[in-house]
Every structure is written in C-alpha cells, then in structure tokens.
Amino acid sequence: MIRCYIGLGSNLANPLAQLHSALESIDRIPVTRVVASSPFYSSAPVGPGEQPDYVNAVAALDTELPAESLLDALQAIENDHGRERTVRWGARTLDLDILLFGSEKLSTKRLTVPHPRIPERNFVLVPLADLAPDLVMPDGTPLQSLLQQCPENRLHRL
Ligand code: ROI
C-alpha cells in the first residue's frame, strides 16, 4: 500500500462540482481509497493568457496500483469529465496530477514524480500542507521550507 497525493484543479463548468465528483470517482478506482481531502481553495490562474480562477485541492490516497496504472485511471476520470486537451496551459474542466507517490522518484515519458512544479505552486503546497504539514519530499526537503520559498499567488480558502 502506497500513500500518494493528488492535485485537483478545475476552472470550467462548475469547478466545485467537478472536484466533488472527481473525489468520488477516485475513490472508485480499484484497490485505491481516498483517505483525506484538503479544503478547497480559489486560486488565481497561473500561466499565460486570460482564464477564469481555479478551484484547487489535494487528496491523499492509499493505493496498491503501480504509478502508471494510477495515472491511467486518473486520465480516464479527466476524460469522463469532458477534458479536452487543446491548448497547453489552457482552461480545463478537470486536472488530476500525481504529486507524490510514496517517497518514490519516477521519471518516465508519461510521468515525473514528484511533480516538478510543486515548489512554485502555492495552490498545491498550501492544501498539501493542510493534509500533511510534516511531510518531507523524497529529496529530503521539508514541505514547510518549500512553502516559505514559494512565490505568492492569490489563494483563498472556500
Ligand atoms: N493555475 C491555477 N491557479 N490552478 C491550477 O490548477 C492550474 N493548472 C494549470 C495552469 C494552467 C498551469 N494554471 C493553473 O494547469
């Protein structure tokens, strides 16, 4: 059994409902359980162009799936939620990112874990710290030190 953390984000088509429904779908993935979910946050979009604010959250899962099978299951849920992969960094109905997979470091064509953008995203770090304030990254960096160094971006708890 591996504890992993998933980032959830949506900024289209009722983001709050997207995240609630995504959590239910994740809990139905075989040999996988949602053990905790963070509060939801409203967050200013990061990246180029104009787009609506996001709702972001983090979920803690226990799974017996290998990382790439978990990725398959998460991508199927994104697709069920009407995700269209058109523009990179564009608005999306549902984004599910594997942030951490136990203390593993993975680097394949499809998957880099820990998620490489964790340190620059307060919409990931803040909800992750709600769930696991004492977490230490696989490279030994405490989550709290990432939080202290993270750039500011408008974020408020819903
Ligand atoms: N910006 C915010 N605030 N939240 C996200 O989940 C998010 N996801 C993305 C990009 C477009 C980079 N910006 C984001 O993929």
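Here the structure is a predicted model, which means the values were calculated and not measured. These values consider heavy atoms only, across backbone and side chains, with no hydrogens, waters or symmetry-generated copies.
- A distance-only check finds a donor-acceptor pair linking the side chain of N56 to the backbone of L8 [under 3.5 Å].
- Between the side chain of N79 and the main chain of Q75, a donor-acceptor pair closer than 3.5 Å is present.
- Ring geometry for F123 against Y54 counts as parallel: the plane angle stays under 30°, on a 0 to 90° scale with 60° as the upper cut.
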Subject >> F40/L16 under side-chain contact (heavy atoms from CB on, under 4.5 Å): CA gap, chis, key distance, verdict >> reply: CA-CA 8 Å; F40 288 4; L16 273 173; 3.3 Å; yes
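- Taking every heavy atom of both residues into account, I6 and L70 meet most closely at CD1-CD2, 4.3 Å.
- Between the side chain of T141 and the backbone N or O of M137, no donor-acceptor pair lies under 3.5 Å.
- In this structure a side-chain-to-backbone donor-acceptor pair under 3.5 Å is missing from E120 to C150.
- If you take CG on L61 and CD1 on I98, they are separated by 8.5 Å, rounding to the nearest 0.5 Å.
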**OP:** Starting from the C-alpha separation in whole Å, work towards a yes-or-no answer on side-chain contact (heavy atoms from CB on, under 4.5 Å) for V35 and R3.
**Re:** CA-CA 9 Å; V35 296; R3 169 64 49 90; 3.7 Å; yes
Subject >> Stepwise side-chain contact (heavy atoms from CB on, under 4.5 Å) test for L65 and F101 >> reply: CA-CA 10 Å; L65 293 177; F101 194 78; 6.0 Å; no
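- Atom NE2 in H81 sits 6.0 Å away from atom CD in Q18 (nearest 0.5 Å).
- Taking the side chain as every heavy atom from C-beta outward, Y5 and L135 approach each other to under 4.5 Å.
- When every heavy atom of V58 is checked against every heavy atom of G7, the shortest pair comes out as CG2-CA, 4.4 Å.
- The salt bridge (Lys or Arg N to Asp or Glu O under 4.0 Å) check on R154 picks up D53, with sequence neighbours excluded.
- Listed for the E78 side chain is a donor-acceptor partner under 3.5 Å among the backbone atoms of L96.
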Original post:
Taking it one step at a time, do D27 and T32 satisfy side-chain contact (heavy atoms from CB on, under 4.5 Å)?
Top reply: CA-CA 6 Å; D27 199 49; T32 301; over 6 Å; no
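- Closest non-hydrogen pair, E104 versus P138, comes out as O-CG, 4.0 Å.
- Between the Q144 side chain and the P133 main chain, a donor and an acceptor come within less than 3.5 Å of each other.
- Closest heavy-atom contact between A36 and L131: CB-CD2, 3.8 Å.
- Nearest heavy-atom pair, L100 versus C4, reported as atom, atom and distance to 0.1 Å: O-CB, 2.9 Å.
- In this structure, S42 OG and L155 CG are separated by 7.5 Å, a value rounded to the nearest 0.5 Å.
- For the atom pair T108 OG1 and L111 CG, the distance stands at 5.0 Å (nearest 0.5 Å).
- One hydrophobic cluster, built from ILVMFWY side chains closer than 4.5 Å, cannot hold both L12 and I77; they sit in different ones.
- Clustering ILVMFWY residues whenever any of their side-chain heavy atoms sit less than 4.5 angstrom apart, transitively, puts V31 in the very cluster that holds V34.
- Under the 3.5 Å distance criterion, the side-chain polar atoms of S10 are matched with a main-chain donor or acceptor of T93.
- Between S37 atom OG and H20 atom NE2 the span is 8.5 Å, to the nearest 0.5 Å.
- Interatomic distance, D97 CG to I118 CD1, rounded to the nearest 0.5 Å: 9.0 Å.
- No donor-acceptor distance shorter than 3.5 angstrom exists from the side chain of S21 to the backbone of L19, with no hydrogens or angles considered.
- Heavy atoms only, all atoms of each residue included: P116 and P119 are closest at O-CD, 3.5 Å.
- In summary, D62 and R33 do not engage in a salt bridge, as defined by a charged side-chain N under 4.0 Å from a carboxylate O.
- Side-chain atoms of T112 never come within 3.5 Å of backbone atoms of H115 as a donor-acceptor pair (strictly under, hydrogens ignored).
- Using modelled atom types, one finds a donor on one side chain and an acceptor on the other under 3.5 Å when comparing N11 with Q51.
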